[in-house]
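Below is one structure; the comments refer to it alone.
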There are 2 protein chains.
Amino acid sequence: MDRVDRILAQWHRERPDLDVSAMGLLGRLGRLSTHIGREIEKTFAERGLSSSSFDVLATLRRSGPPYRLSPGDLLATTMVSSGTMTNRIDQLEKAGLVERLDNPDDRRGVIIALTDEGLKRVDDAATAHVANQHRVVSELSPEERANLDALLRKYLAAFE
Amino acid sequence: MDRVDRILAQWHRERPDLDVSAMGLLGRLGRLSTHIGREIEKTFAERGLSSSSFDVLATLRRSGPPYRLSPGDLLATTMVSSGTMTNRIDQLEKAGLVERLDNPDDRRGVIIALTDEGLKRVDDAATAHVANQHRVVSELSPEERANLDALLRKYLAAFE
DNA sequence: ATAGAGTATCTTGACGTAGAGAGAAACTCT
DNA sequence: AGAGTTTCTCTCTACGTCAAGATACTCTAT
């Protein structure tokens with residue numbers, strides 16, 4: 001009987017006509033995602049970053065040398081709108097972690113490049129982030145993690 | 001080999017020192033929650049609501065007649081800050097869906113009450129929302145849903 | 001009883017960030 | 001050359017948090 005169960009029980013009492021069986025799963029998924037997001041955010045905040053800025057830096061870092069991608073490439077992996085990406089790049093540029101370079105092949109576009117400082121920061125943050133992720137999943141046993149991951153993979157496939 | 005797998009493969013190539021085994025599970029959970037949140041939002045938007053405003057209205061509705069709670073009560077279930085709750089109530093009050101009443105027992109506080117229009121709107125939205133939730137979980141079989149829910153329940157218990 | 005310190009409730013204001021939609025510039029293709 | 005498309009930016013609006021503030025309640029020591 002967790003908080004979500006209590007919510008379902010209230011609904012059942014007030015609106016017995018509603019079949020709230022799907023609400024439990026979706027409610028738990030949402031709440032869990034919020035809790036985990038807050039935990040993850042702390043690690044980044046300690047390093048002057050946020051999940052949002054790390055997302056961008058990490059995408060550049062993962063792409064390998066020379067750590068350069070177009071805003072469009074960055075958009076493709078990060079699930080945000082183009083306006084939001086412009087904003088994120090502005091912030092990171094102000095912080096000196098990325099720079100905008102002219103794209104010699106297409107003058108509409110720009111190239112976002114990690115600076116040396118950006119590379120250091122993202123590598124440091126990634127190390128701490130991965131350790132923190134292990135802490136966050138440690139509540140589940142290895143078997144539970146594997147089962148959960150398999151179910152999430154199947155479910156996620158329905159959306160992308 | 002989904003998008004998350006591709007991200008993990010990139011990390012492995014660039015930072016083989018990192019053990020990214022936890023990242024897959026957490027990444028899928030986050031992406032899934034974002035996708036589902038967007039689906040859910042659509043149903044509310046069609047009715048002039050949002051997940052945020054529905055959250056407040058639904059909490060009042062579920063509490064049963066006379067559909068009145070203090071802002072503090074509302075805070076306890078909705079996972080937002082007090083400033084955010086004040087904001088949400090302001091919006092709903094402007095829309096005529098709730099009203100602020102004096103609390104006779106404690107003059108610091110107020111009582112948030114569903115209006116007749118608010119009751120209608122939340123009952124209508126809840127019906128549509130529940131149907132939409134069923135659509136959203138229909139990608140999984142009943143067994144998969146039960147397994148996923150059980151794992152999420154266990155995991156969520158670690159946070160609340 | 002009651003003054004005063006501490007606590008609780010809610011609001012406010014500053015700030016950061018998200019998305020939608022329009023717009024500017026350059027590319028592509030016929 | 002010109003229509004249509006692509007890429008990125010900009011503006012507007014909405015909403016979240018945090019920290020500080022106003023007001024009222026509570027509890028204790030006298």
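Chain A is the first sequence line, chain B the second, and so forth, proteins listed ahead of strands; every chain is numbered from 1.
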Item to check | Whole-Å distance separating the CE atom of A/M85 from the P atom of C/dG19 | outcome: 10 Å

Next on the checklist: Any non-hydrogen side-chain atom of A/E41 less than 4.5 Å from a side-chain atom of A/S50?
Outcome noted: yes

Item to check | Rounded interatomic separation in angstrom, taking NZ from B/K94 and C1' from D/dT13 | outcome: 12 Å

Next on the checklist: Whole angstroms only, please: what is the CG-C1' distance between B/L92 and C/dT11?
Outcome noted: 16 Å

Next on the checklist: From the set C/dC10, C/dG19, D/dT9, return the single nucleotide nearest to any side-chain atom of A/V80.
Outcome noted: C/dG19

Checklist entry - Which atoms form the tightest heavy-atom contact between A/E117 and A/L97, and what is the distance? => result CG-CD2, 3.7 Å

Next on the checklist: For a quick test of reading the model, state the closest non-hydrogen atom pair linking B/V98 to B/I89 and the distance between them.
Outcome noted: CG2-O, 4.1 Å

Checklist entry - A/I111 and A/L57: same hydrophobic cluster, using ILVMFWY side-chain contacts below 4.5 Å? => result no

Item to check | Candidate nucleotides C/dA18, D/dG16, C/dC10, ranked by approach to the side chain of B/S52 - the nearest | outcome: D/dG16

Item to check | A/R100 CZ - D/dT7 P separation (whole Å) | outcome: 16 Å

Checklist entry - Starting at CZ of A/R107 and ending at P of C/dA24, how long is that distance when rounded to a whole Å? => result 18 Å

Next on the checklist: Looking only at the side chain of A/S82 (C-beta and beyond, no hydrogens), which of the listed nucleotides C/dT11, D/dT9, D/dG16 gets closest?
Outcome noted: D/dT9

Next on the checklist: What is the distance, to the nearest angstrom, from the CG atom on B/D90 to the P atom on D/dT13?
Outcome noted: 18 Å

Checklist entry - Between D/dC8, D/dC25, D/dC15, which one does the side chain of A/T86 approach most closely? => result D/dC8

Next on the checklist: Please give me the minimum heavy-atom distance between A/S63 and A/R68, naming the atom from each residue.
Outcome noted: OG-N, 4.3 Å

Checklist entry - Which one, D/dG16, C/dG19, C/dC10, comes nearest to the side chain of B/T84? => result D/dG16

Checklist entry - Is a donor-acceptor pair below 3.5 Å formed from side chain B/R108 to base C/dA8, judging by atom type as modelled? => result yes

Checklist entry - Considering heavy-atom distances to DNA chain C, does A/D105 or A/M79 have its closest nucleotide positioned more toward the 5' end? => result A/M79

Checklist entry - Out of C/dT11, C/dA18, D/dC25, which has the shortest distance to the side chain of A/R88? => result C/dA18

Checklist outcome for this item: From CG of B/L49 across to C1' of D/dC15 the rounded distance in Å is 15 Å

Checklist entry - Taking OP1 and OP2 of C/dG16, is either one under 4.0 Å from a side-chain nitrogen or oxygen of A/Q91? => result no

Next on the checklist: Applying a 4.0 Å non-hydrogen cut-off, can you work out what A/S50 is touching in the nucleic acid: base, sugar-phosphate, or nothing?
Outcome noted: nothing

Checklist entry - Reckon B/G83 touches a base, only the sugar-phosphate, or nothing at all at heavy-atom distances under 4.0 Å? => result base

Item to check | Euclidean distance, atom CZ of residue A/F44 to atom P of C/dG16 [Å, nearest integer] | outcome: 20 Å

